[in-house]
S.K.: 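The structure that follows is given in the form of structure tokens.
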2 protein chains.
Amino acid sequence: MYKERVRALPQNGSSPTLEEVAKLAGVSRATASRVFTASPKVSPRAKRAVERAAEKLRYVPNRAARTLVTGRTDSIGLVIPEPTAFLFGDPFFPRLVRGISEVLSRRLVQLVLLMPQSAGDETRLEGYLSAGHVDGVLMVSLHGNDPLPDRLHERGTLVVLGGRPGASSAVSYVDVDNVGGARSAVEHLIAMGRRRIATITGPLDMGAGVDRLQGYHDALVKAGLNGDASMHQPGDFGQESGAAAMQALLDRHPDLDAVFCASDVMAAGALDTLRRQRKRVPQDIAVVGFDDSTIATSTAPTLSSVRQPIEEMGREMARLLLAGLDSGTAGGKRVILVTELVVRASSGKGVRE
Amino acid sequence: MYKERVRALPQNGSSPTLEEVAKLAGVSRATASRVFTASPKVSPRAKRAVERAAEKLRYVPNRAARTLVTGRTDSIGLVIPEPTAFLFGDPFFPRLVRGISEVLSRRLVQLVLLMPQSAGDETRLEGYLSAGHVDGVLMVSLHGNDPLPDRLHERGTLVVLGGRPGASSAVSYVDVDNVGGARSAVEHLIAMGRRRIATITGPLDMGAGVDRLQGYHDALVKAGLNGDASMHQPGDFGQESGAAAMQALLDRHPDLDAVFCASDVMAAGALDTLRRQRKRVPQDIAVVGFDDSTIATSTAPTLSSVRQPIEEMGREMARLLLAGLDSGTAGGKRVILVTELVVRASSGKGVRE
DNA sequence: CAATTGCGAGAGAGCGCTCTCGCGGCCGGA
DNA sequence: TCCGGCCGCGAGAGCGCTCTCTCGCAATTG
């Protein structure tokens with residue numbers, strides 16, 4: 001670790017303190033502090049003097065000192081425990097971040113993104129987050145029963161999840177209606193006359209993966225159709241996994257007439273495989289994705305998809321966290337956002353039978 | 001802003017202090033502190049007592065307090081001032097982050113990603129960074145003459161840039177040999193017999209954009225070929241801009257026989273346009289990209305590209321920053337990494353003339 | 001056996017800030 | 001003119017930690 005040398009750096013070593021600003025402005029430290037905390041009880045005269053002095057000294061309040069006394073950092077962490085390649089490849093995250101940023105910007109709260117890449121990283125991260133570096137934590141893309149949210153919650157850190165946690169938990173979360181969305185997608189396929197409908201699921205250690213499979217099932221059962229395990233093939237939400245899963249499904253069931261994919265990116269992969277196999281979409285096989293991400297309109301044919309309000313999910317997560325911070329309540333809230341089926345060419349009225 | 005209520009939260013309100021741990025362990029605060037700072041001067045007996053007490057109380061050191069006295073936060077910021085859609089869409093960033101993380105993980109330093117989305121965000125960010133939230137700052141994807149790095153540097157914050165800054169500056173940076181890489185790409189095209197070589201440049205407010213254009217120019221001039229302004233078309237490194245730029249170039253010069261693209265993603269866009277225009281690659285037009293990202297091997301035909309060691313760039317940035325922190329020196333270092341041309345089908349020996 | 005060394009441990013001083021408390025001056029009302 | 005009230009300000013305590021200084025005790029040495 002770098003040592004006490006740091007202290008001698010111009011970095012913090014020479015940076016001016018409130019005391020110096022106060023002296024230069026000819027007021028007490030308390031009054032100078034009032035100026036920076038936007039306290040109303042300061043005369044315009046004193047305020048101006050302090051501001052001029054601060055400008056002259058290029059003063060910036062020391063956050064550590066402020067945090068130490070207020071117990072507040074004015075920043076919140078967004079934790080995404082995904083390999084970087086996934087994090088940056090998936091169109092889900094930018095939209096989520098946009099929603100979150102929107103809300104936080106208005107509150108002058110800094111968003112910091114944290115990307116644990118290994119178990120070691122995650123341990124360190126737990127320390128970082130419980131040590132008061134952030135006022136609260138947003139977390140998405142949980143796999144399995146990641147214990148981090150619950151442990152943070154127990155420690156008293158405010159946590160809001162995106163996507164329901166695996167096990168029941170006291171932590172607040174925002175989720176979309178994955179079951180309902182998947183069900184509507186499959187019901188649509190059935191309504192279009194499809195009968196041999198497979199699914200490429202998401203990771204089954206994630207709520208979104210499980211729930212979308214559930215919705216698929218519900219619709220098939222209601223219609224009295226077959227949706228046994230041979231009709232499922234898991235993917236990891238990535239394009240290649242979609243292509244591979246599609247191939248596996250075709251190997252098992254060459255007569256499929258539809259496939260529901262738990263993400264658009266996997267659906268794009270599935271389309272690649274179908275093209276390679278000379279299957280016409282939607283004539284031979286109809287495809288529906290999930291997310292309604294930008295990729296849905298750039299595939300050939302364009303992709304029917306279940307739209308989920310990802311930006312809104314981000315906004316709602318941020319709102320929930322800020323509300324918890326404001327009220328001092330610990331959570332246990334859950335918000336479910338509705339989804340909406342968007343029908344495009346990949347499941348359109350194909351020239352079928 | 002959320003107010004003093006926060007203080008009453010279990011969050012920090014009830015979290016145990018070093019004092020309490022020391023009392024429970026039957027030692028002084030100083031000795032307890034020694035245990036957590038891994039100081040050697042503590043007996044095994046005392047160490048165990050403190051560790052047990054800490055475990056029992058679920059003690060986590062308060063970082064703000066520690067930072068206040070050490071002047072150190074053990075975390076560094078990575079600033080990427082790009083719209084989220086770009087940040088997450090570009091294969092450059094995950095590779096960079098991977099390289100950075102690799103180095104930082106070994107040093108128990110936390111990486112926090114900061115993504116200013118607007119001028120307001122950036123102002124706030126400057127405050128955040130100068131206020132001592134991080135020990136140092138890594139910054140990439142600078143546009144124009146972004147004043148942030150210089151201002152942070154002036155304030156005494158250690159900054160390392162990825163990619164050279166627009167204007168001359170005292171800030172340290174790591175860059176790849178963009179000029180040399182571009183030159184070798186174009187020299188290769190010339191060696192393959194191409195004579196009417198256009199370029200799709202990157203944003204000309206970025207060092208990488210300017211330098212790759214420069215390399216293109218150098219090679220053409222050396223060979224006595226035409227590379228006037230009508231042969232350039234700027235893009236933004238994104239796929240769509242590549243497609244549009246290719247179209248613009250073809251409109252002006254239907255007889256082009258090669259194009260050098262300043263990024264693989266733009267090259268992929270260019271390939272889309274060429275396909276739509278029924279131009280054969282490489283027979284009619286040879287294409288070379290830049291980055292040698294994963295997309296280069298998944299296009300049809302596969303893409304010749306200039307490989308830049310992005311992970312290494314991340315590692316080197318992190319190393320430079322840590323070295324600066326360790327030594328207390330402020331910077332002014334520059335590291336240039338070599339590039340390497342990778343020839344694939346898009347510029348292969350086409351059936352030409 | 002006395003003198004010296006060395007090592008573990010405690011006391012205490014801050015790091016830079018916020019916030020409570022109390023004081024003095026100025027206002028308006030009687 | 002006098003007095004209560006309010007408002008702006010300063011004094012001072014302390015947030016939780018690290019680190020220096022010092023001390024006491026045991027081991028080592030002449």
Side-chain angles (χ1 to χ4, degrees), chain A residues 1-9 11-23 25-50 54 57 59-74 127 130-133, chain B residues 1 3-9 11-23 25-50 54 57 59-74 130-133:
Chain A
M1 297 274 44
Y2 35 97
K3 309 273 299 181
E4 68 283 355
R5 298 284 311 257
V6 171
R7 207 157 171 192
L9 277 180
Q11 189 164 357
N12 299 309
S14 76
S15 80
T17 70
L18 229 209
E19 189 87 53
E20 302 172 48
V21 173
K23 197 160 68 180
V27 300
S28 72
R29 200 176 62 243
T31 298
S33 173
R34 286 187 187 100
V35 173
F36 296 109
T37 51
S39 157
K41 315 216 139 207
V42 182
S43 66
R45 208 171 86 77
K47 181 149 183 269
R48 237 174 300 120
V50 170
L57 297 176
Y59 170 75
V60 179
N62 178 317
R63 289 303 267 267
R66 174 178 286 181
T67 295
L68 184 55
V69 32
T70 59
R72 200 172 2 109
T73 66
D74 293 327
S130 358
H133 261 292
Chain B
M1 297 272 43
K3 309 273 297 183
E4 66 283 355
R5 298 286 308 259
V6 172
R7 208 159 171 189
L9 276 181
Q11 190 162 358
N12 297 308
S14 75
S15 79
T17 71
L18 229 209
E19 189 87 50
E20 302 173 48
V21 173
K23 198 160 65 180
V27 300
S28 72
R29 199 175 63 243
T31 298
S33 173
R34 285 186 188 100
V35 173
F36 296 109
T37 51
S39 156
K41 316 216 140 208
V42 57
S43 67
R45 208 173 85 76
K47 183 153 182 264
R48 238 175 299 121
V50 170
L57 298 175
Y59 170 75
V60 179
N62 179 316
R63 289 304 267 268
R66 175 177 283 182
T67 295
L68 184 56
V69 33
T70 61
R72 201 175 358 110
T73 64
D74 292 328
S130 347
H133 261 292

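First the proteins, then the strands, lettered A, B, ... as listed; each starts at 1.
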S.K.: If only side-chain N and O atoms of B:S33 are considered, is one of them under 4.0 Å from the OP1 or OP2 phosphate oxygen of D:dC17?
M.R.: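 Looking at the OP1 and OP2 atoms of D:dC17, neither is under 4.0 Å from any side-chain N or O of B:S33.
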S.K.: Quick check: on DNA chain C, is the nucleotide nearest B:A65 upstream (toward 5') of the one nearest B:K47, or the reverse? Name the residue that is more 5'.
M.R.: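 Nearest-nucleotide comparison on DNA chain C picks B:K47.
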S.K.: Within less than 4.0 Å of OP1 or OP2 of D:dC9, is there a side-chain N or O belonging to A:T31?
M.R.: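 No, because none of the side-chain N or O atoms of A:T31 sits under 4.0 Å from OP1 or OP2 of D:dC9.
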S.K.: Regarding B:A46, tell me which of base, sugar-phosphate or nothing describes its non-hydrogen contacts under 4.0 Å with the strands shown.
M.R.: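 Touches sugar-phosphate only.
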S.K.: Are A:R63 and A:D74 close enough, and set up right, to give a side chain to side chain contact (heavy atoms under 4.5 Å, CB included), and what steps lead you there?
M.R.: CA-CA 10 Å; A:R63 289 303 267 267; A:D74 293 327; 3.4 Å; yes
S.K.: How many whole angstroms separate atom CZ of B:F36 from atom P of C:dA9?
M.R.: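 B:F36 atom CZ is separated from C:dA9 atom P by 14 Å.
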S.K.: Would you mind reading off the distance between B:K23 atom NZ and C:dG10 atom P, rounded to a whole angstrom?
M.R.: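 Nearest whole value for this atom pair: 15 Å.
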S.K.: Please report the C-alpha distance between A:V21 and A:V50 in whole Å, then the side-chain angles of each, then the deciding distance to 0.1 Å, and finally whether the side chain to side chain contact (heavy atoms under 4.5 Å, CB included) criterion is met.
M.R.: CA-CA 7 Å; A:V21 173; A:V50 170; 4.2 Å; yes
S.K.: Is the phosphate of C:dG16 approached by A:T17 (side-chain N or O, under 4.0 Å from OP1 or OP2)?
M.R.: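 Checking A:T17 against C:dG16: no side-chain N or O falls below 4.0 Å of OP1 or OP2.
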S.K.: With rounding to the nearest 0.5 Å, note down the distance linking OG in B:S28 to CZ in B:R34.
M.R.: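 The CZ atom of B:R34 is 6.0 Å from OG of B:S28, to the nearest 0.5 Å.
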S.K.: Roughly, in whole Å, what's the span from CG in B:L18 to C1' in D:dC15?
M.R.: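 Answer to the nearest Å: 13 Å.
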S.K.: Rounded to the nearest Å, what distance is computed from the CZ atom of residue A:R66 to the C1' atom of nucleotide D:dG14?
M.R.: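 Interatomic distance, CZ of A:R66 to C1' of D:dG14: 17 Å.
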S.K.: Establish, with yes or no, whether the OP1 or OP2 oxygen of C:dA9 is under 4.0 angstrom from a side-chain nitrogen or oxygen of B:S43.
M.R.: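 Looking at the OP1 and OP2 atoms of C:dA9, one of them is under 4.0 Å from a side-chain N or O of B:S43.
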S.K.: Can you tell me how far C1' of D:dC17 sits from OH of B:Y59, to the nearest Å?
M.R.: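 Rounded to whole Å, this separation is 7 Å.
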S.K.: For A:R29 and A:R34, take the nucleotide of DNA chain D holding the closest heavy atom to each; which residue's nucleotide lies nearer the 5' end?
M.R.: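 By nearest-heavy-atom nucleotide position, the 5'-most residue is A:R34.
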S.K.: How close or far is atom P of D:dG10 from atom CD of A:E19, stated in whole angstroms?
M.R.: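 Computing the A:E19:CD to D:dG10:P distance gives 12 Å.
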S.K.: Before giving the answer on side chain to side chain contact (heavy atoms under 4.5 Å, CB included), spell out for B:L18 and B:S33 the whole-Å C-alpha distance, their side-chain angles and the decisive distance to 0.1 Å.
M.R.: CA-CA 7 Å; B:L18 229 209; B:S33 173; 3.7 Å; yes
S.K.: Could you check how far CZ of B:R63 sits from C1' of D:dT18, rounded to whole Å?
M.R.: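 For the pair B:R63 CZ and D:dT18 C1', the rounded distance is 14 Å.
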S.K.: Send over the distance from B:N62 CG to D:dC15 C1', rounded to a whole Å.
M.R.: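 Distance, rounded to whole Å: 8 Å.
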